[in-house]
Asks: 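Got a structure for you, questions after.
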Amino acid sequence: MKEKKLTIGKHGMAVLLLSFLIYAAAMAGTVWSASNGVYPLLALCIFLLSTTWLLWPGLKVLRPQEALVLTLFGKYIGTLKEPGFYFVNPFCSAVNPAAKTKLNQSGDVKSGSQLQAATELASLSNKISLKIMTLNNSRQKINDCLGNPIEIGIAVTWRIQDTAKAVFNVDNYKEFLSLQCDSALRNIVRIYPYDVSPNVDTTGDGIADEGSLRGSSETVASRIRDEIQLRVREAGIEVVEARITHLAYAPEIAAVMLQRQQASAIIDARKMIVDGAVGMVEMALEHLSQDQVVELDEERKAAMVSNLLVVLCGNHDAQPVVNSGSLY
């Protein structure tokens, strides 16, 4: 099914005014023919009064970035896309199977009377929005490539590219998009670890890399977008962009992973402190030796090194003990 764009004249206002003129003339003719006994004219006027309203269902108003998919007795005849006031065959019907479907996305998130009014209007007009919309899909709990459960949510910006495919190729294009987003998200997330891990191949080339959900969010989002686009192409939907809006460990392992991250940070910090302390001790011994401030044998050097490392690597401030005697 391919989209057929209708290029018809925007004669809606002319038909509306014509119908009012016919009603006015028919009412005047009814009064005159009834008073003068002209029964054929009276029958014609009554017929016009009874049938002229049939023109009104053919009046269609389109705003910018809206479309109407029209069918006539079950046959697809085309799509109106240009804004304006149209008159079409009164027996044509507009089709939009997702008119009453409300998802957590822009254009659907309304409250109270606004939501009710929007639903009633959509059910009457069945117009299809061609604007770029944002689908904020619900958070999902998915296992990454290491088996760790994580919670992740995405926001997908999309729009209708082919109205005929969106209406006739799938049952409900909004629900179809939402389900395909869930499926694509699971397929991509299971390839990556939450954080950088050794011996993990995320690109499929057989070589371990440093890809991760936390560190490669742009790459992951791009792959999710491509995966969704591949799945919704037959529904006439164009996926503009996909972004990760929420990423965290699942609550049942969040505390353990936090302790792991803290331990890793402590180890890295300790390593940096030890490296710096060793460098400072080496520098102190070198300066003492070069300036010949004091001559230390190997035993005294070992004691000095031990004391300096304790002072420099300790968690608390050192409490010095002054030796008033001789070093020897």
Asks: Does W56 have any ring-ring contact (aromatic ring centres under 6.0 Å, His included) partners at least two apart in sequence or in another chain, and if so, which?
Replies: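 Result, ring-ring contact (aromatic ring centres under 6.0 Å, His included) vs W56: Y23.
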Asks: Would you say L16 ends up clustered with L55 if hydrophobic residues are merged whenever their side chains have heavy atoms under 4.5 Å apart, either directly or through other cluster members?
Replies: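 Shared cluster, yes.
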Asks: Is there a donor-acceptor pair closer than 3.5 Å between any side-chain N or O of N89 and the backbone N or O of F91?
Replies: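 Pair found, side chain donor or acceptor close to backbone of F91.
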Asks: Could you see if I46 belongs to whatever hydrophobic cluster contains M27? Use Ile, Leu, Val, Met, Phe, Trp, Tyr and a side-chain cutoff under 4.5 Å.
Replies: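 No; M27 is not reachable from I46 via cluster members.
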Asks: Residues in side chain to side chain contact (heavy atoms under 4.5 Å, CB included) with R225, at least two apart?
Replies: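 With sequence neighbours excluded, R225 shows a side chain to side chain contact (heavy atoms under 4.5 Å, CB included) to Q229, V239, A242, given in chain and number order.
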Asks: Does the S216 side chain pair with the main chain of L213, one donor and one acceptor, at a distance under 3.5 Å?
Replies: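 Not a single qualifying donor-acceptor pair exists.
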Asks: Can you find a heavy atom in the side chain of V200 that is under 4.5 Å from one in the side chain of L146?
Replies: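 A side-chain contact under 4.5 Å exists here.
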Asks: Are more than 12 heavy atoms from other residues, nucleotides or ligands located less than 6.0 Å from atom NZ of K131?
Replies: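 For K131, atom NZ is not crowded (no more than 12 foreign heavy atoms under 6.0 Å).
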Asks: Would you say N148's side chain and D144's backbone share a donor-acceptor pair under 3.5 angstrom?
Replies: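 No: the side chain of N148 does not pair with the backbone of D144.
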Asks: List, by chain and then residue number, the residues other than V196 in its hydrophobic cluster (Ile/Leu/Val/Met/Phe/Trp/Tyr, side-chain heavy atoms under 4.5 Å); write none if there are no others.
Replies: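 Grouped by the 4.5 Å side-chain rule, V196 forms a cluster of one, so the answer is none.
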Asks: By ring-ring contact (aromatic ring centres under 6.0 Å, His included), which residues pair with F87, not counting sequence neighbours?
Replies: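 Expected list: none.
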Asks: Let me confirm one number: the OG1-OH distance from T203 to Y192, rounded to the nearest 0.5 Å.
Replies: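 Answer for the OG1-OH pair, T203 versus Y192, is 8.0 Å.
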Asks: Would you say F73 ends up clustered with V88 if hydrophobic residues are merged whenever their side chains have heavy atoms under 4.5 Å apart, either directly or through other cluster members?
Replies: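 Per the 4.5 Å side-chain linkage, V88 and F73 are co-clustered.
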Asks: Pairs in or reaching into residues 205-216: which pass salt bridge (Lys or Arg N to Asp or Glu O under 4.0 Å), with residues at least two apart or in two chains?
Replies: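 Sorted result for residues 205-216: D195-R214.
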Asks: For C145 versus P193, what's the shortest heavy-atom pair and its separation?
Replies: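 For C145 versus P193, the nearest heavy atoms are SG-N, 3.3 Å.
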Asks: Salt bridge check: are R223 and E227 linked by an N-O gap of less than 4.0 Å?
Replies: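 Between E227 and R223 there is no salt bridge, as every charged N stays at least 4.0 Å from the carboxylate O atoms.
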Asks: Check this for me, if you would: do R243 and E218 make a salt bridge, where the nitrogen-to-carboxylate-oxygen distance has to be below 4.0 angstrom?
Replies: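 The answer is yes: the pair qualifies as a salt bridge.
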Asks: I207: which other cluster members, linking ILVMFWY side chains closer than 4.5 Å, directly or transitively?
Replies: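 Taking Ile, Leu, Val, Met, Phe, Trp and Tyr as members, I207 stands alone, with no cluster partners.
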Asks: Could you tell me which non-hydrogen atom of P57 sits nearest to which non-hydrogen atom of P90, and how far apart they are?
Replies: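 For P57 and P90, the tightest heavy-atom pair comes out as CB-O, 4.0 Å.
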Asks: Starting at CD of E3, measure out to CD of Q161 and round the result to the nearest 0.5 Å.
Replies: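 The distance works out to 9.5 Å.
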Asks: Return the set of residues passing side chain to side chain contact (heavy atoms under 4.5 Å, CB included) with L6 (not counting sequence neighbours), or none when no residue passes.
Replies: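 L6: side chain to side chain contact (heavy atoms under 4.5 Å, CB included) contacts with L70, L80.
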Asks: What are the two closest non-hydrogen atoms of K81 and T163, and how far apart are they?
Replies: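 In terms of heavy atoms, the two residues are closest at CE-CG2, 4.2 Å.
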Asks: How long is the span from the OG1 atom in T157 to the CD atom in E238, to the nearest 0.5 Å?
Replies: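 Taking OG1 in T157 and CD in E238, the distance rounds to 9.0 Å.
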Asks: Who pairs with F176 by ring-ring contact (aromatic ring centres under 6.0 Å, His included), at least two apart in sequence or on another chain?
Replies: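 So F176 forms no ring-ring contact (aromatic ring centres under 6.0 Å, His included) with any residue.
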Asks: Count the heavy atoms belonging to other residues, nucleotides or ligands that lie under 6.0 Å from CG of D171, then report whether that count exceeds 12.
Replies: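 12 or below, so no.
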Asks: Distance-only, no hydrogens or angles: does the K127 side chain make a donor-acceptor pair with backbone N or O of V61 under 3.5 Å?
Replies: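 At least one qualifying donor-acceptor pair exists.
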Asks: Measure the CD-CG distance between E66 and L130 for me, rounded to the nearest 0.5 Å.
Replies: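 Result: 8.0 Å between the selected atoms.
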Asks: Enter the distance from N137:CG to L185:CG here, rounded to the nearest 0.5 Å.
Replies: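 Going from CG on N137 over to CG on L185, the span is 8.0 Å.
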Asks: How long is the straight-line distance from CG of D162 back to CD of E234, given to the nearest 0.5 Å?
Replies: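 Answer for the CD-CG pair, E234 versus D162, is 10.0 Å.
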Asks: Could you walk me through whether Y86 and L68 pass side chain to side chain contact (heavy atoms under 4.5 Å, CB included), step by step?
Replies: CA-CA 11 Å; Y86 293 90; L68 272 178; over 6 Å; no
Asks: List the residues meeting side chain to side chain contact (heavy atoms under 4.5 Å, CB included) with S222, not counting sequence neighbours, and say none if there are none.
Replies: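 Result, side chain to side chain contact (heavy atoms under 4.5 Å, CB included) vs S222: D226.
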Asks: Name all residues meeting the side chain to side chain contact (heavy atoms under 4.5 Å, CB included) criterion together with T30; count only those two or more places apart in sequence or in a different chain, and write none if there are none.
Replies: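 Expected list: L42, C45, L49.
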Asks: Who passes side chain to side chain donor-acceptor pair (under 3.5 Å) against S93, sequence neighbours left out?
Replies: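 Side chain to side chain donor-acceptor pair (under 3.5 Å) list for S93, sorted by chain: T71.
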Asks: Under the ring-ring contact (aromatic ring centres under 6.0 Å, His included) test, which residues partner Y194, sequence neighbours left out?
Replies: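 If we apply the ring-ring contact (aromatic ring centres under 6.0 Å, His included) test to Y194, skipping adjacent residues, the hits are Y249.
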Asks: Does T52 offer a backbone N or O that forms a donor-acceptor pair with the side chain of S19 under 3.5 Å?
Replies: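 No: the side chain of S19 does not pair with the backbone of T52.
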Asks: Got a donor-acceptor contact below 3.5 angstrom from the K165 side chain to the I160 backbone?
Replies: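 Not at all, since once roles are kept as given, no pair shorter than 3.5 Å links the two residues.
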Asks: Taking all non-hydrogen atoms of both residues, which atom of Y76 and which atom of T79 are closest, and how far apart?
Replies: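 Scanning both residues, the minimum pair turns out to be OH-OG1, 2.8 Å.
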Asks: Same cluster or not: V15 versus I22, using hydrophobic residues (I, L, V, M, F, W, Y) connected whenever any side-chain heavy atoms lie under 4.5 Å apart?
Replies: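 Each belongs to a different hydrophobic cluster.
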Asks: What heavy-atom pair brings I228 and C181 nearest, and what distance separates the two atoms?
Replies: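 Heavy-atom minimum between the residues: CD1-SG, 3.7 Å.
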Asks: Does any part of the side chain of N96, heavy atoms only, come nearer than 4.5 Å to the side chain of Y173, both counted from C-beta?
Replies: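 Yes, at least one pair of side-chain atoms sits under 4.5 Å.
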Asks: Would you name the heavy atoms of K102 and A99 that are closest together and state the gap between them?
Replies: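 Here K102 and A99 meet closest at NZ-O, 4.1 Å.
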Asks: Would you say M13 and I8 are hydrophobically clustered, going by side-chain heavy atoms of ILVMFWY under 4.5 Å?
Replies: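 Different hydrophobic clusters.
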